[in-house]
**Q** 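This is the structure, below, for whatever I ask next.
As the structure is a computational prediction, the values presented were derived from the model and not from experiment.
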Amino acid sequence: MNLGQANNVYFIGIGGIGMSALARYFLAKGLNVGGYDKTRTEITDALKKLGASIHFDDDVKQIDGIFLDSETTQIVYTPAIPKTHSELNYFNSNGFHVMKRSQVLGEITRQTFCLAVAGTHGKTTTTSILGHLLNECNVEVTAFLGGISENYNSNLILNGTEVTVVEADEFDRSFLTLSPNFACITSMDPDHLDIYGDASELVKSFEDFSKKIKPKGKLFVKNGLPIKGITYGIEDDSDYSVENIKIVNGSYEFDVKTPNALLEDFKFNLPGRHNLSNALIALAMSVEYGLPHQQLAKALASYKGVKRRFTYQIKTDDLVYIDDYAHHPEEINAVHHAVREMYPDKKVLAVFQPHLFTRTRDFIDDFAKSLSNFDEVLLLDIYPARELPLEGVTSKWLLDKIDNKNKQLVQKTELVDAIKNSDATVILTIGAGDIGQEVKHIKKALSHAS
């Protein structure tokens, strides 16, 4: 059975951000969709409202019978699922067609004009900007996003099947299943060393990805990366460059130098030079695709962002509370630079939850250096995700390395009180774990206190 013959699609790990976008896609196509996830979330609740059958125990007996026919059911799983998972083993042992999420994306995009966004940072924001630009310019596009778009309240933009926009995920070398027409690489900082072993292997995987581009396709690369392509950067000698930057009422206003012309009068509402860079590469890919300047300018000005990507929860003259998904030292640095650019004279408190024992171990000194830049730091315990603890790898180890007297380790139950006890007027919550579930409690407590 190939993917196009399936009537039913069953997801193991359906609540994951990438998996749930695929689930929404197949629901929209009228297929029966079901799945397992270990935790009930807003994402799984939303999928259930759309008609998905979901349960939260690893138990074959709880699977709806419609998904137990190997002739009509496609199984999709995420690499984050352990190999001991009983449902995954059941499907593998009983003749079902089983595919990784990335393989399914590869199949979907193969028959379309595909624009893929790769890089260790910036993928989700760039993909969501690109999907929004194409959609607003009336392109028949399907965009699979790695976050919930504020414009669409979804991780799927579905406006036709002529063009697809996808994140090209380097984790588990997933992006090597794609065959894009256009692709960009935003960054190649070391990450996922539990998969790659060392940084040189990660770089090699990006080189392998660059060779996956279809004939006559185009590769765009951040200026300075060791791979050849159409370059982009901020106020530099790139093929595409942001010029004449002004900050007006918290928004960027700028022009874009292209290989052929200067495109004037763009407005972008997300803070941070890293986000400005993400906007630029989305514009560059859109211009090369053939979209007109004025429509692109109007579309970019209406872009609202992605949830948990420098998302303002409170924004008043007296108090600012921002939540961000940053989980790598370079991402934390980008958040810090953005905050200092927007609020240069205010005291900043960073609340950070490290994500993965291996990442904490591999970048411990870089994490300490990036967190030391804030005025005050609250550190939560490491979020394990798919990993078991590593001896000696703890948040206390990281705390001891942070060069800042205003630092402390806190438990989640103490977090709200610890934040309220701070005199900082800019509050950041940072991390890719379940810290996002604390945001509503923090926002409520700070709103009542102000």
**Q** Can you list everything that forms a ring pair (Phe, Tyr, Trp, His ring centres under 6.0 Å) with Phe26? Sequence neighbours excluded, please.
**A**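 With sequence neighbours excluded, Phe26 shows a ring pair (Phe, Tyr, Trp, His ring centres under 6.0 Å) to no residue whatsoever.
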**Q** State whether the number of non-hydrogen atoms from other residues, nucleotides or ligands found under 6.0 Å of Lys369 atom NZ is greater than 12.
**A** no
**Q** Can you tell which of Phe67, Tyr10, Phe91 makes a ring-ring contact (aromatic ring centres under 6.0 Å, His included) with Phe96?
**A**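 With Phe96 as partner, Phe67, Tyr10, Phe91 yield a single ring-ring contact (aromatic ring centres under 6.0 Å, His included), made by Phe91.
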**Q** Got more than 12 heavy atoms from elsewhere within 6.0 Å of CG, Asn153?
**A**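 Open.
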**Q** Taking the six-membered ring for Trp, are Phe144 and Tyr25 ring centroids under 6.0 Å apart?
**A**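 Ring-ring flag for Phe144/Tyr25: true, centres closer than 6.0 Å.
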**Q** With sequence neighbours excluded, tell me which residues meet side chain to side chain donor-acceptor pair (under 3.5 Å) with Glu107.
**A** Arg110
**Q** Determine, stepwise, if the pair Glu330 / His121 fulfils side-chain hydrogen bond (donor to acceptor under 3.5 Å, both in side chains).
**A** CA-CA 8 Å; Glu330 286 303 316; His121 323 299; 5.8 Å; no
**Q** The criterion is side chain to side chain donor-acceptor pair (under 3.5 Å); which residues satisfy it with Lys396, sequence neighbours excluded?
**A** Asp400
**Q** Which residues satisfy the side chain to side chain donor-acceptor pair (under 3.5 Å) test with Lys267, sequence neighbours excluded?
**A**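 If we apply the side chain to side chain donor-acceptor pair (under 3.5 Å) test to Lys267, skipping adjacent residues, there are no hits.
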**Q** Ignoring hydrogens and geometry, is there a side-chain-to-backbone donor-acceptor pair from Asp403 to Ser372 under 3.5 Å?
**A** no
**Q** Can you tell me how far the OG1 atom of Thr429 sits from the CD1 atom of Ile322, to the nearest 0.5 Å?
**A** 9.0 Å
**Q** Not counting sequence neighbours, which residues clear ring pair (Phe, Tyr, Trp, His ring centres under 6.0 Å) with Phe367? List them please.
**A** Phe352
**Q** What pairs with Ser128 under side-chain contact (heavy atoms from CB on, under 4.5 Å), at least two apart in sequence or on another chain?
**A**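 With neighbours one apart ignored, the set is Leu145, Tyr303, Val306.
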**Q** Taking it one step at a time, do Arg361 and Leu390 satisfy side chain to side chain contact (heavy atoms under 4.5 Å, CB included)?
**A** CA-CA 9 Å; Arg361 177 199 64 198; Leu390 294 174; 3.7 Å; yes
**Q** Answer yes if the side chains of Asp236 and Ser238 hold a donor-acceptor pair under 3.5 Å, and no otherwise.
**A**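 Present: a donor and an acceptor within the cut-off.
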**Q** Before giving the answer on side chain to side chain contact (heavy atoms under 4.5 Å, CB included), spell out for Arg359 and His327 the whole-Å C-alpha distance, their side-chain angles and the decisive distance to 0.1 Å.
**A** CA-CA 9 Å; Arg359 184 181 282 123; His327 55 283; 3.4 Å; yes
**Q** Are Arg309 and Asp324 close enough for a salt bridge, meaning some N to O gap below 4.0 Å?
**A**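 No.
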**Q** Verify whether one side chain among Asp239 and Thr231 offers a donor that lies under 3.5 Å from an acceptor in the other.
**A**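 Judged by distance alone, the side chains do pair up.
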**Q** Write out all pairs satisfying salt bridge (charged side-chain N to carboxylate O under 4.0 Å, His left out) with one or both partners inside residues 253-263, taking only residues at least two apart or from two chains.
**A**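 Listed by first then second residue: nothing to list.
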**Q** Decide whether Thr142 and Thr161 meet the rule of one side-chain donor and one side-chain acceptor closer than 3.5 Å.
**A** no
**Q** Indicate yes or no: does Asp208 engage Lys212 in a salt bridge with an N to O separation below 4.0 Å.
**A** no
**Q** Can you name the residues that form a side chain to side chain donor-acceptor pair (under 3.5 Å) with Asp57, not counting sequence neighbours?
**A** Gln62
**Q** Output a table of donor-acceptor pairs, distance under 3.5 Å, between side-chain atoms of residues 176-183 and any protein atom two or more places apart or on a different chain; print 'none' if there are none.
**A**
residue, atom, partner, partner atom, Å
Thr177, OG1, Ser102, O, 2.9
Thr177, OG1, Ser174, O, 2.9
Asn181, OD1, Cys114, N, 2.8
Asn181, OD1, Lys214, NZ, 3.4

**Q** Establish, from distance only, whether the side-chain atoms of Thr44 and Asp37 form a donor-acceptor pair under 3.5 Å.
**A** no
**Q** Can you tell me how far the OG1 atom of Thr164 sits from the CG atom of Leu115, to the nearest 0.5 Å?
**A** 7.5 Å
**Q** Decide side-chain hydrogen bond (donor to acceptor under 3.5 Å, both in side chains) for Thr126 and Asn278; before the verdict, give the C-alpha distance in whole Å, the side-chain angles of both, and the deciding distance to 0.1 Å.
**A** CA-CA 5 Å; Thr126 302; Asn278 295 333; 3.2 Å; yes
**Q** Please list all pairs meeting side-chain hydrogen bond (donor to acceptor under 3.5 Å, both in side chains) that have one or both residues in residues 26-36, counting only residues at least two apart or in different chains.
**A** Asn8-Asn32
**Q** Is Asp434 salt-bridged to Lys412, cutoff N-O under 4.0 Å?
**A** yes
**Q** State whether Lys307 and Glu150 are salt-bridged, where the test is any N-O pair (Lys NZ or Arg NE/NH1/NH2 against Asp/Glu carboxylate O) under 4.0 Å.
**A** no
**Q** Tell me whether the centres of the aromatic rings in Phe268 and Tyr252 are closer together than 6.0 Å.
**A**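 Phe268 vs Tyr252: aromatic centres not under 6.0 Å.
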**Q** Using distance alone, with no hydrogens and no angle criterion, decide if Gln74 and His97 have a side-chain donor and acceptor under 3.5 Å apart.
**A** yes
**Q** Main chain of Glu87, side chain of Asp58: is a donor-acceptor contact present, judged purely on distance under 3.5 Å?
**A**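 Present.
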**Q** Evaluate the criterion side chain to side chain contact (heavy atoms under 4.5 Å, CB included) for residue pair Lys100 and Tyr77; output intermediate values, then yes/no.
**A** CA-CA 5 Å; Lys100 287 184 183 180; Tyr77 74 100; 3.4 Å; yes
**Q** Enumerate the residue pairs fulfilling salt bridge (charged side-chain N to carboxylate O under 4.0 Å, His left out) with a member in residues 284-298, sequence neighbours excluded, ordered by first and then second residue.
**A**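 Counting only pairs at least two positions apart or across chains, the salt bridge (charged side-chain N to carboxylate O under 4.0 Å, His left out) contacts touching residues 284-298 are Lys218-Glu288.
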**Q** Using the ring centroid of each side chain, check whether Phe310 and Tyr325 are separated by less than 6.0 Å.
**A** no
**Q** Take His328 and Thr120, measure what side chain to side chain contact (heavy atoms under 4.5 Å, CB included) needs, and give me the verdict at the end.
**A** CA-CA 9 Å; His328 183 282; Thr120 45; 6.0 Å; no
**Q** Any donor-acceptor pair under 3.5 Å linking the side chain of Asp323 with the backbone of Leu428?
**A** no
**Q** Check the pair Asp237 / Asn223 against side-chain hydrogen bond (donor to acceptor under 3.5 Å, both in side chains), numbers first and verdict last.
**A** CA-CA 9 Å; Asp237 60 352; Asn223 198 10; 3.2 Å; yes
**Q** Minimum heavy-atom separation for Leu296 and Leu291, please, with both atom names.
**A**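 Of all heavy-atom pairs spanning Leu296 and Leu291, the closest is CD1-O, 3.7 Å.
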**Q** Might you work through the side-chain hydrogen bond (donor to acceptor under 3.5 Å, both in side chains) test for Tyr152 and His132, ending with a clear yes or no?
**A** CA-CA 9 Å; Tyr152 305 93; His132 179 68; 2.8 Å; yes
**Q** Crowded around Glu235 CD? As in, over 12 foreign heavy atoms under 6.0 Å?
**A**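 Above 12, so yes.
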**Q** Quick one: list whatever passes side-chain contact (heavy atoms from CB on, under 4.5 Å) with Thr360, sequence neighbours left out.
**A** Pro354, Ile364, Ile382, Val393
**Q** Any chance you could measure Glu71, atom CD, to Asn7, atom CG, to the nearest 0.5 Å?
**A** 11.0 Å
**Q** Would you please say whether a donor-acceptor pair under 3.5 Å links the side chains of Thr125 and His274?
**A**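 Side-chain D/A pair, Thr125 to His274: absent.
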**Q** Have His336 and Glu341 got a donor and an acceptor in their side chains that come within less than 3.5 Å?
**A** no
